[in-house]
Every structure is written in structure tokens, then in C-alpha cells.
Amino acid sequence: METLILTGNHAVAYAVKIARASFISCYPITPQTGIVEKLSEFILNGELKAVFVPVESEHSAMAACIGASLTGVRTFTATCSHGLAYMHEMLHWASATRLPIVMAVVNRTIGPPWNIWAEHGDSISQRDTGWIQLYTSNHQEAFDTIIQAYRIAEDPDVFLPIMVCFEGFVISHTAQPVTIPNQEDVDAFIPHEPWRHIIVDVDNPITHGNLQMPEDWFYEFRYLMHRAMEAAKEKIIRCSIEFEKIFGRNHGHLIEEYKCDDADVILLSMGSIADQAKVAVDVLREEGYKAGALKLRAFRPFPEEELRRVAKRTKCITVIDRNLSPGKGGALGSELKAALYGFKEMPMVMECIAGLGGRDVTLEEEISLLKQSFRMIEEGEEPSGIKWLGLK
Amino acid sequence: MSARKIFQEASEEYVLPGNSACQGCGSTLALRWVLKALGNKTVIVNPASCGCVYVGLYPRTALSVPYIQMAFAAGPAAASGIVGGLDVQGKKDITVVCWAGDGGTADIGVSSLSGSAERNTNYIYFCYDNEAYMNTGTQRSGSTPAGAWTTTTPLGKKESKKDMAFIMAAHRIPYVATSCSSYPIDLYEKTKKAKLIGGMRYIHILVPCPPGWRFDTGLTVKIGRLAVESGMWLLYEVKNGIFYLSPPSRRILESPEKRVPVKEYIKAQGRFRGIDEREIDLLQEMIDKKLEKAAKLDGEPLFF
Ligand SMILES: Cc1ncc(C[n+]2csc(CCOP(=O)(O)OP(=O)(O)O)c2C)c(N)n1
Ligand code: SF4
Ligand SMILES: [Mg+2]
């Protein structure tokens with residue numbers, strides 16, 4: 001075990017190395033590039049035994065990971081923004097082939113205008129591709145979640161690819177101490193057993209992907225994907241618990257609660273905003289407000305039950321979305337409301353958009369947003385539309 | 001190798017009866033001979049094309065080797081992944097193949113193909129060229145020849161055919177060849193040869209297609225022969241950058257009496273019905289010039 005000062009990108013590269021991914025294919029895009037550069041270095045100096053395929057596009061990077069995963073090896077790629085959008089078709093291909101590919105998404109805005117800064121809109125746009133999406137808030141969590149992702153993705157009850165998301169620059173290019181566990185412990189936590197459910201094997205030839213008629217099995221295949229997503233909820237929780245036992249860290253399960261037990265207002269968000277929300281909550285608590293912070297780790301599968309469980313105890317959930325579906329609002333806000341609707345004793349939900357295009361979301365903004373929420377519940381006001389934090 | 005010897009050696013069938021190709025399909029004929037040459041330790045990646053249909057509907061398959069269907073643009077990249085995955089596991093005796101149509105090759109997949117060639121990926125890429133998007137009902141592709149009717153060129157295509165084999169040769173890969181489903185010995189031998197070479201290999205096969213080219217299903221072999229005998233389609237290899245005419249094409253150069261006028265090839269197909277006599281004469285002139293150049297190039301480096 002050792003502790004290194006690492007950028008978010010390098011932390012992820014270290015995680016991929018210690019997870020012993022043996023096939024990596026990538027295409028450069030800011031702010032992701034640091035991950036592959038570091039991995040290339042690891043491969044070159046012999047620290048990581050892996051094949052690296054420097055493809056000519058992200059579409060090809062995902063296709064190459066699909067090909068390699070079909071031979072039963074552990075694969076990795078990383079991208080974001082336009083690169084992730086360019087991959088879209090192959091994201092469906094990977095999940096519907098039920099391949100346990102792990103990908104880091106260094107969340108970045110999609111242009112135009114060109115904008116290389118943090119936003120969750122890139123991965124949120126890929127919500128319906130059948131990928132598990134885990135959002136991380138800091139360097140250590142990004143590192144640990146990559147390791148956990150291999151365990152979850154390769155679980156035979158799951159067999160779905162996973163995106164481990166963290167924000168560009170905010171995490172990718174800042175440095176924090178990261179504890180690197182022992183190789184043996186990681187090997188024991190994620191032993192690699194080649195999957196047999198879909199495999200290229202000349203001794204047991206199969207044709208994969210051939211045409212189906214509506215009356216065949218396509219519908220059932222999609223049902224099974226949904227079931228696997230549902231099963232993944234329990235697996236993600238169990239993985240966090242097991243991880244804590246061995247490595248002593250827990251970043252939350254599907255969600256992470258911070259002082260939510262008696263909170264009247266809870267700030268729900270993802271990524272780095274959720275880490276900062278804890279500080280905002282501490283400030284409010286000192287001033288006597290019963291505030292709490294809730295971090296969503298798993299956006300897919302969506303933790304409806306867990307959210308309802310927390311929601312029941314509170315009066316208002318204020319949601320910050322660093323993504324926008326023009327004409328609707330933020331994804332987390334919409335999905336939270338859908339999860340609460342129709343159940344008794346559900347709190348008010350206040351939806352906010354913030355930090356698009358990498359605009360800084362400040363501690364002061366989070367504090368004042370929480371105070372506004374308290375004012376609303378005191379005055380019995382109802383939320384009127386979406387709030388836009390820091391809009392000029 | 002003599003035809004008799006090849007038939008003895010290649011008695012095993014990998015494209016099984018009961019596939020769902022059209023009658024007289026040149027593409028399945030070519031695949032049959034390619035697989036005879038490659039044997040059972042072969043993995044095929046097949047991007048969207050007729051190939052996805054003619055192997056049969058789920059849960060059946062007409063192939064006895066692994067056949068991975070792939071997104072339209074992704075064949076070469078997926079093949080690169082399979083090559084890498086097998087490589088890292090030390091599995092060295094498996095031939096990885098991408099089997100793609102001309103649209104998947106010359107149009108939507110050209111970036112992925114070019115990337116895999118530039119990386120000199122260790123696999124064989126076969127383009128079966130039926131000169132249009134047949135899976136979707138005969139739309140033009142970059143590989144459709146000038147003058148050909150398709151549903152998106154109802155008056156005949158104005159632009160000329162993209163020369164994919166030359167484009168691939170310009171990548172300086174170890175082996176490039178052209179062939180035709182009507183010449184199984186040529187195809188078999190080239191595939192065998194390609195199998196023994198490492199790195200990126202590219203074989204471009206002209207495959208007549210009765211519904212798309214508008215000819216009777218019994219004439220597939222004949223149409224392919226006319227393509228080669230007229231010089232419309234040239235059979236050659238580019239080995240380590242040197243251009244070699246293949247015997248069927250060299251034959252028409254050495255014995256002009258074996259050459260047929262291109263008019264015979266054109267008139268045999270409904271897709272060229274919009275071409276008039278003057279255009280046929282122009283085409284004949286172009287072919288004459290092409291053959292003259294090809295004769296000079298035989299045994300010479302293709303590029304500097
Ligand atoms: C991204 C994408 N665009 C379009 C299609 C529809 N499509 C499937 S096969 C095909 C044409 C294939 O043409 P070609 O590669 O020449 O193969 P052929 O059908 O002639 O065998 C098209 C357009 C698709 N599957 N994927
Ligand atoms: S359309 Fe042409 S290439 Fe496709 S299966 Fe039919 S004959 Fe073969
Ligand atoms: Mg075609």
C-alpha cells in the first residue's frame with residue numbers, strides 16, 4: 001500500500017493498471033488524454049502487460065474493446081464529450097452483447113461552441129444505452145470505483161458495461177493524495193475469470209447478432225438487460241460493502257447520505273458538486289439549519305427505492321443538475337420526481353441547473369440555494385419552474 | 001495448383017446448405033471458397049450487409065466458424081480488438097477475417113479500414129463487391145461503376161467507381177489482391193497465400209449479384225467471367241508493393257483473341273440499360289488504355 005499525489009486522470013490509469021486490464025484502445029480527447037498517455041507509459045515500461053490499440057476514432061475504440069472483450073479479456077477505454085457522442089452506436093452494441101467493458105468518462109461539455117470544461121451532459125446523453133453509470137466525486141473515489149466496476153461488470157448476474165464518470169479538470173487535472181492498495185488484495189478482489197456466455201471460440205463456433213423477427217427473442221433479450229440492471233443494484237451495494245472490508249473505504253452505495261437522517265432540506269447532486277455540498281451542509285448546520293446532502297453514485301441503474309427511503313424523512317429535496325435536456329430540464333431532477341410520484345409522504349422537489357459549460361458552482365451558491373429552500377418550506381411556497389444558478 | 005487438386009484438398013464445406021442468400025448469389029460463392037482456403041481456425045467479423053442476412057435468421061446459422069456480426073462502420077476496428085485479445089492470450093493459430101460489402105468498405109467503414117491498415121493489423125480484410133448497397137435494396141455506393149442504375153441513381157451513376165484496392169495498396173500493406181467469385185481457383189490460391197503472410201492483407205472480390213445487377217440467376221458465373229474477360233475487372237496482386245497481373249487477366253493481354261468486347265458485359269445486365277452505344281465506345285477506349293498500362297506495370301512497383 002502506498003499513497004501518491006495524483007491527478008484524477010493518473011489515478012484512473014493507476015486503477016486500470018492494478019486491475020490488470022489487458023486490452024486498451026483509446027482515442028485522444030481533452031481532458032481525458034492524460035489517462036491513456038499514462039497507460040501507454042505503463043505498457044511501455046512493462047508495468048502493465050496489455051495490448052494497446054491506438055485507433056483512429058472513438059467509434060473504433062469501442063468497437064475494438066468489443067472485439068477484445070469477445071475473446072474474454074479485460075478491456076478499458078476512456079473518452080468524453082464529442083468522443084462519447086461519436087461512440088454512441090457502439091455503446092448499444094457493447095451492452096446488448098453483454099460485455100463487461102469498463103470505460104472512464106471524463107465529463108466534458110458537448111459543443112458548439114467548443115468547450116472543454118466540466119459538464120455531465122455527455123454521459124447523461126448516453127443514459128439509455130444500457131450502460132451502468134457510476135458518478136464519482138473525487139480522486140480516490142474514481143480510483144476505487146474503477147476497481148469496483150470490473151467486479152460488478154464481470155458478475156455473471158450483471159454482464160453489462162460500466163462508465164465510471166468524473167468531471168473534467170475539476171478532478172481530471174487537479175491532484176489529491178490517492179491510496180494505492182496492494183496488488184494481491186486487488187487481484188483477490190477482482191479475480192479474472194474469462195466469461196463464457198459470449199466468446200469467440202473456433203472450437204465452439206457461434207454466430208452472434210443475426211437477424212431476428214419480432215416474434216423471436218429480441219424483446220426478451222431487452223427484458224433480460226433490464227433485469228441485469230436491476231440485479232446490478234444489489235451487486236453495487238454488496239461490492240461497496242466488500243470493498244470497505246478489505247480496503248477500508250466506502251464512497252456510498254447507490255447513493256451516499258450525509259447528515260440526511262433529520263434533515264428538512266436535502267441537496268441532491270452528482271460528482272464534485274456533491275462533495276462540495278457536504279461543506280455547504282456543515283455551514284448550514286452551524287447556523288442551526290437541519291440540512292443534508294445526498295450524492296447519487298449510480299445514475300443507471302437508477303436507485304428509486306433508496307431515494308424514496310431518504311425522501312420520506314425530509315420536507316424538500318433540492319436537486320442540482322450539471323446537465324440539461326432543453327425543453328425539459330435536468331436529468332436527475334426529472335428522474336427523482338418520477339421516482340417519488342405516486343408514493344405517500346413525498347417531499348417537495350426543487351430543480352436547479354448549474355455549472356453548464358464548466359461554469360464554476362461555488363460553495364456560496366450551494367449555501368444560498370439551501371437557504372432559499374428552507375425559506376420556501378417555511379413559507380409553504382411551491383417551487384415555480386427550474387432555478388438557474390449563476391445565470392448572467 | 002490444378003483444379004482437381006484443389007477440389008480434393010478443399011472438400012470441407014464451411015458455408016452450409018440452407019443459408020438465406022438469393023439464388024445465384026456471388027457473395028456466398030466467394031465466401032465458400034475463402035473459407036475452404038482458410039479452414040476452421042478462422043473467426044469472421046461481418047459488418048452490416050447481405051452477409052448478416054444470408055447466414056440465416058436467429059437461432060440458425062449457415063456457417064461453421066465463429067461469425068460476429070458488427071455495426072456497419074465497425075468491422076475493421078472490431079477485428080483489431082479480436083486480434084489484440086487473442087494476441088494477449090497467446091492464441092497465435094487463429095486467422096481473423098473481416099468480411100464486408102463494398103459499402104461497408106468504400107464508404108462508411110473506410111476510416112476504420114484505413115486505420116487498421118495503417119496499424120498493419122494482423123488480419124485479412126475481404127471486400128465482396130456487388131457494387132451497391134444490396135442489403136437495403138440496391139442504392140449506389142462509392143464502388144458502384146459509372147453508368148449503373150441503382151435506386152438512388154435512377155438515370156445511371158454519373159461518378160466513377162472508387163478504386164479501393166489501389167487505395168489499400170497505397171497504405172503499403174504486405175498484400176493486396178483482387179479476385180472474382182467466378183474464379184474460385186484464383187480466389188482460393190490468393191486466400192491461401194494471404195493466410196501465410198502476417199500483418200494487414202486486403203482482398204477485393206467482384207461478386208455478381210442477380211437482383212442488383214439485373215440478370216438471370218443462372219448467369220452469375222458467366223457475368224463474372226465476362227467482367228474479367230472484357231478487362232472491365234482486373235485480377236492482380238500487389239505483393240510488398242510490386243504489381244503482378246494474375247493469370248486470367250494476363251491471358252487476355254497475351255492472347256487478344258480471348259478478350260471480349262466490354263459491350264458483351266454491359267449488355268448482359270439490366271442495370272446498364274441506360275448506357276448508349278457512344279458511352280460503350282468510350283468505356284471500351286478506357287479499358288483498352290487501362291490494359292495497356294496494366295501490361296506495363298506487371299512486375300513493377302505500384303508506387304514510388
Ligand atoms: C450506421 C448504419 N447506417 C445504415 C445502415 C443500413 N445498412 C445496412 S446494410 C447497408 C448496405 C450495405 O452495403 P454493402 O456494404 O455494399 O453490403 P451489401 O448489402 O451490398 O452486401 C446499409 C446502408 C446500418 N446498418 N448502419
Ligand atoms: S442481394 Fe445480391 S449479394 Fe445480396 S444475397 Fe442477394 S445475390 Fe447475394
Ligand atoms: Mg454491396
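Not measured: the values here are computed from a predicted model.
Heavy atoms closer than 4.5 Å to chain B are found nowhere in A:P194, neither backbone nor side chain. Looking at B:S20, there are no atoms closer than 4.5 Å to chain A (heavy atoms on both sides), in backbone or side chain. Looking at B:L86, the atoms closer than 4.5 Å to chain A (heavy atoms on both sides) sit in the backbone and in the side chain alike. Contact of A:M213 with chain B is made through the side chain alone, with heavy-atom distances under 4.5 Å. Heavy-atom distances place the backbone of B:V65, and not its side chain, under 4.5 Å from chain A. Using a 4.5 Å cut-off between heavy atoms, B:S112 contacts chain A through both its backbone and its side chain. The contact between A:I206 and chain B is made entirely by backbone atoms, counting heavy-atom distances below 4.5 Å.
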Next on the checklist: Set out, in order, the CA-CA distance, both residues' side-chain angles and the distance that settles side-chain contact (heavy atoms from CB on, under 4.5 Å) for A:Q212 and B:L57, then state yes or no.
Outcome noted: CA-CA 6 Å; A:Q212 294 211 354; B:L57 262 57; over 6 Å; no
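A:D201 approaches B:P66 most closely through the heavy-atom pair O-CG, 3.5 Å. Across A:T71 and B:I82, no two heavy atoms sit closer than the pair CG2-O, 3.7 Å. When all heavy atoms are compared, the tightest approach of B:Y58 to A:D216 is O-OD2, 3.8 Å.
One finds the OG atom of B:S114 at 7.5 Å from the CD atom of A:E56 (value rounded to the nearest 0.5 Å). Remark: B:M70 CE to A:H208 NE2 distance equals 8.5 Å, nearest 0.5 Å.
The residue among A:G209, A:S69, A:A63, A:S22 with the most heavy atom pairs within less than 4.5 Å of chain B is A:A63. In terms of heavy-atom pairs under 4.5 Å with chain B, the best-connected choice from A:A64, A:G72, A:C65 is A:A64. Contact tally against chain A (heavy-atom pairs below 4.5 Å) for B:R60, B:E118, B:K41, B:R119: the top residue is B:R119. Ranked by heavy-atom pairs shorter than 4.5 Å toward chain B, the options A:I66, A:I199, A:L70, A:V200 are led by A:V200.
Summarising the local packing, OH of A:Y86 is surrounded by 12 or fewer heavy atoms from other residues, nucleotides or ligands at distances under 6.0 Å. Atom CZ of B:F7 is surrounded by 12 or fewer heavy atoms from other residues, nucleotides or ligands within 6.0 Å. More than 12 heavy atoms of other residues, nucleotides or ligands lie within 6.0 Å of CD in A:E215, so this atom counts as buried by the packing criterion.
If you check the side chains of B:Q69 and A:T207, you find no donor sitting under 3.5 Å from an acceptor.
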